[in-house]
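To keep things clear, I will list the structure first and then write my remarks on it.
Chain naming here is simple, since letters A, B, ... match the order of the sequence lines and numbering starts at 1 in each.
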Amino acid sequence: MKKQLTRFLAVVLLTSAVWSCRERETLPDGDYARGVLVVNEGLWGSNNGSISFFKREDREAQLDVFEKENGISLNGGAQSLAEGHGHALIMVDLRNAGLDKVEIVNSNTFKRIGTLTAPDIENPRYGLVVSETKAYVTCWGTTGTFPNFYINPGYVAVVDLTTQRVTKKIPVAKGAERLVAAGQRLYVGNAAEVSGLTVINMATDEVVSTLTTAASPNPIGVDADNKLWAYAGLNLYKINPSSGTIESTLPIGNNPTKSAGSFAFSPDRRTLYFVLSAYDANWNAIGETYQFATNATQVNVSTPFVRRLFSGLAVDPMQGLIYAGVTPSYAQSGYVVRYRPDGSLVDSIRAEIGPKEFIFK
Amino acid sequence: MVNSRLFWWGSAGWLACSLATVQHVQAQRDTVSLAPVTVRGFAPERFMAGLKVQVPDSATLQQFRFQNITDLLAFQTPLAFRNYGPGQLATASFRGTSSNHTAVLWNGLNINQPNLGQTDFSTIPVASFDRLAVQYGTSASVVGTDAVGGSLLLSSAARQSPGLSLSAGRQQGSFHNYQNQLAANYATPLGEKWNFAGKTALYDGRMNNKYPYRERQNYLLNPSESEQRGLVQDLFFQDAGQRQQWSAHLWLTDNQLILAPANLGGRELTRTQSYRSMLQYEALGWTARTAWTRDLIDYGKGDFTYLEHTETDRFATRLEKEFTRYLGRRQSTPWSVRVGGEVAHYRTRTDGYVEPLITENRADLFVLSRWQATDRWLVSANLRQAFVTRFNPPLTPSVGTEYLWLRRPTYTLAAKASVGRNYRVPTLNERYWLNLGNPNLRPEHGWNKEAGLEAKWVPAPAQQLTASLTAYHNRVDDWTYWNPERNYYVENLQLVVARGLEAQSTWQGTWQRWQAGSQLGYAWVRSSQERAYTAYAQDILGKQLMHVPVHTGTFNAYVQRGRLRLTGRAQAVSRRYTTFDNSKYLAGFVLADVLAETTLHAHHWQGRLQAQVHNVLNTFYLNVNRYAMPGRSFSFNLLITYNSKTK
């Protein structure tokens with residue numbers, strides 16, 4: 001009963017919060033102007049990734065909204081989604097070489113504006129929309145088979161959103177991965193055991209330097225003190241973007257069988273959440289989710305925020321609720337589970353296969 | 001393409017040698033009186049009383065001569081195929097089961113690829129066998145492992161009368177696809193005591209799949225090229241008194257598939273080769289058989305310098321004896337018992353297994369019996385025990401019966417029923433794959449129950465109608481599951497229940513100049529997972545299994561006037577789910593083909609010309625990986641045959 005009351009109050013508060021927002025702002029037209037987009041990766045090879053959407057007060061998600069608005073599904077794995085300045089770029093990974101693509105849609109209506117295809121785009125990973133006319137997409141290029149998987153240099157595709165064309169490929173190290181902008185610099189991560197973040201000058205779209213780290217680093221984002229955070233294996237880096245130097249390196253525990261991922265900032269950008277995962281002896285994926293303050297001197301891996309493993313994690317900057325993706329397997333629908341900042345559960349919403357990213361609008 | 005040329009020269013040499021033998025023995029023909037060679041062999045269907053068996057006629061096999069068995073079965077049976085695209089992997093779901101649950105037998109030998117425990121039906125051209133029986137339902141007690149949903153029995157037959165026929169065929173299709181076939185059938189007496197018959201067939205097909213469009217309805221087509229080559233050699237030696245027979249069979253196949261061929265860095269090669277050979281001797285109710293098969297799979301990407309290799313050899317030897325007794329002194333009520341055993345040795349070298357070389361031994365003991373109790377009542381009862389290194393499947397019994405209920409001059413009605421246990425030995429991949437395989441798996445086991453009615457009606461002297469209705473229930477426990485919740489670790493997690501109904505009817509009519517016939521089939525199957533083993537397994541409880549359509553339908557019809565025949569055929573498949581919780585699916589579709597054919601005769605020569613429209617409705621449908629399948633396309637087939645005997 002008490003639970004129900006709490007839930008009721010939560011919904012009332014939530015709804016009123018959203019309504020009060022609406023009164024203050026004028027929203028752009030479109031069914032997806034306000035709410036949460038969920039990137040569902042899909043089962044690799046089955047080409048069945050999708051984007052779900054729900055308004056914050058909803059208990060049910062609208063499934064495959066790209067299909068709903070464009071009459072055709074993504075027909076590939078939904079690797080990631082980059083949103084900003086009225087645009088959304090969906091990085092779509094298909095089973096076979098030469099068919100990958102980036103779908104560009106109006107982020108409020110989800111109507112397709114254009115599609116980037118091979119050879120401009122091959123194994124797209126992450127994107128970043130920096131203005132109404134410009135975006136970046138990292139790509140691995142064509143891959144081989146293990147152990148020689150990264151057979152080509154990676155690149156960052158510069159996308160002109162006006163013409164929906166790739167205007168330049170900036171060659172970077174193999175396995176180009178996540179990207180974060182800090183000031184005029186673009187920091188590009190890596191998945192191919194390369195020891196450093198690639199730094200690109202966004203004014204000239206040229207590589208200017210490499211910031212040495214442990215192998216396979218990825219940038220996370222910029223905190224409230226304008227420090228750039230990045231991670232590589234079980235190392236966290238606090239970087240001063242204006243000097244381009246690492247200010248401090250924090251270890252994420254000391255258990256080498258675990259791996260850290262799904263980093264997410266709180267709305268005030270003073271807390272970082274992340275998932276620490278491993279496999280047990282029976283090949284079950286296990287893990288917990290932790291949080292720590294950006295000014296802490298060590299990373300908390302002793303008291304979990306939630307004792308659960310998630311396939312994605314993000315914090316809603318508007319309400320501060322923590323959104324976590326649950327993937328029972330890549331052969332059935334996953335769920336979006338919402339938590340309050342104190343770690344208590346709000347609710348769960350059924351999404352699609354492998355929910356891994358959340359975009360708040 | 002160097003390979004291709006070598007193949008043709010080698011093949012031509014082989015054919016020449018075979019023919020030389022025939023020419024030599026034919027020279028002596030004139031002086032000898034001839035008995036026709038009839039090939040007996042062992043037909044497992046004899047011991048499957050109560051089970052439904054469908055045997056496509058030779059005209060149907062002729063029509064599909066330039067196609068794969070997938071096309072034939074999809075248009076003639078309720079088997080549902082998991083199709084990855086033209087010329088690509090196609091696996092079957094028979095009666096709501098998975099691709100591991102259909103036994104494929106070639107002259108009595110299970111030829112499912114041992115590592116995968118299934119057959120890629122895209123690698124079996126209709127031209128590679130002479131007879132096909134589609135057997136519905138569990139027959140594990142007769143056939144052995146894998147026969148859970150049903151089995152496909154492919155067999156070779158020899159020419160009946162002395163003589164020689166040679167044929168050459170060519171198919172030219174849309175998208176730069178083509179196929180060549182060469183075949184020789186020969187039969188001759190050898191001295192006074194023996195008759196010899198044989199067949200040599202070669203096929204080589206290439207699908208370039210040069211589609212004039214990159215996508216259909218905004219869905220991409222998946223660029224691919226495939227080449228399929230094979231050699232079939234059958235030799236039969238039978239004594240004139242038909243008391244003993246030797247036969248030797250050889251079937252070599254080589255299939256090569258390249259995905260994304262234009263993308264030199266990302267293209268993918270899958271090469272599948274099979275060597276199958278068998279020697280059999282039958283005399284005085286005894287049958288001895290020894291067989292060797294080798295299955296090779298190579299997979300690679302990019303420049304193909306590094307290929308993942310799978311190589312599995314199987315040596316199987318079998319001895320059987322059949323007794324027939326007459327109970328109650330009536331010659332019309334024979335009781336046949338067939339007792340036998342088989343030992344098999346497996347050796348596999350597979351990249352990715354726990355050991356570089358894995359060997360195992362298997363054995364089977366079985367007793368099959370069939371009793372024609374009265375001229376209306378047939379009973380069969382069978383028992384099998386299989387033994388496999390480190391674990392043994394359960395004792396597998398089955399009982400079946402058929403009763404001719406009504407027998408009138410113009411109609412008959414028969415009732416049949418069968419109960420049988422089934423099992424499936426886990427595949428080599430399921431047990432030996434590094435990390436994901438599970439050496440402690442148990443064999444799957446289950447019970448299949450079914451009952452049916454079969455009616456025949458002759459409303460007028462030149463017309464015939466048949467109809468059948470079958471209901472079944474198949475419950476399989478310890479269903480092996482590559483558990484996606486555990487990174488695809490294999491476990492005996494599930495309990496699957498498949499229940500269904502099958503209705504089929506045929507009609508055939510003959511008039512003075514005209515001939516017509518039709519076949520209509522419908523199947524309903526509800527196949528679901530019934531055990532919850534984790535919290536999220538609740539979401540898949542009771543849901544239809546993936547890639548198993550609830551409804552399938554087939555329709556075939558032809559009209560013939562003189563030598564001109566026009567055939568139309570259609571298959572309908574309902575929605576197929578692609579996730580365990582049924583949240584995603586591929587839409588249902590109806591596919592139709594039209595075929596016109598005629599035959600020209602001139603003395604020893606015969607020419608057969610077929611023109612075919614595939615997907616005549618230009619249906620849009622998707623393959624398993626959500627790529628569009630091609631639209632309407634055409635092919636022309638020409639088969640020229642020389643027959644030393646004129647009819």
Using heavy-atom distances under 4.5 Å, tell me whether [X] contacts chain A through its side chain, its backbone, both, or neither.
{"X": "B:E485", "value": "both"}
{"X": "B:N435", "value": "both"}
{"X": "B:N263", "value": "side chain"}
{"X": "B:Y299", "value": "side chain"}

Look at [options] and state which one has the largest set of heavy-atom pairs under 4.5 Å with chain B.
{"options": "A:N123, A:D280, A:I151, A:T143", "result": "A:T143"}
{"options": "A:L94, A:D64, A:N148, A:T327", "result": "A:L94"}
{"options": "A:I353, A:N152, A:N284, A:V326", "result": "A:N284"}

Which atoms of [X] come close to chain B, meaning under 4.5 Å heavy atom to heavy atom: side chain ones, backbone ones, both, or neither?
{"X": "A:I72", "value": "both"}
{"X": "A:S50", "value": "side chain"}
{"X": "A:L43", "value": "side chain"}
{"X": "A:T142", "value": "side chain"}

Open item on the list: Out of B:Y489, B:Y627, B:F580, return the one with the most heavy atom pairs under 4.5 angstrom to chain A.
Closed with: B:Y627

Any Lys/Arg nitrogen of [X] or [Y] sitting under 4.0 Å from an Asp/Glu carboxylate oxygen of the other?
{"X": "A:R350", "Y": "B:D539", "answer": "yes"}
{"X": "A:R307", "Y": "A:E288", "answer": "no"}
{"X": "B:D581", "Y": "B:K543", "answer": "no"}
{"X": "A:E122", "Y": "A:K169", "answer": "no"}
{"X": "B:R486", "Y": "B:E491", "answer": "yes"}
{"X": "B:E225", "Y": "B:K210", "answer": "yes"}
{"X": "A:R112", "Y": "A:E69", "answer": "no"}

TODO: Count the heavy atoms of every other residue, nucleotide or ligand shown that sit under 6.0 Å from CZ of A:R165, and state whether that count exceeds 12.
DONE: no

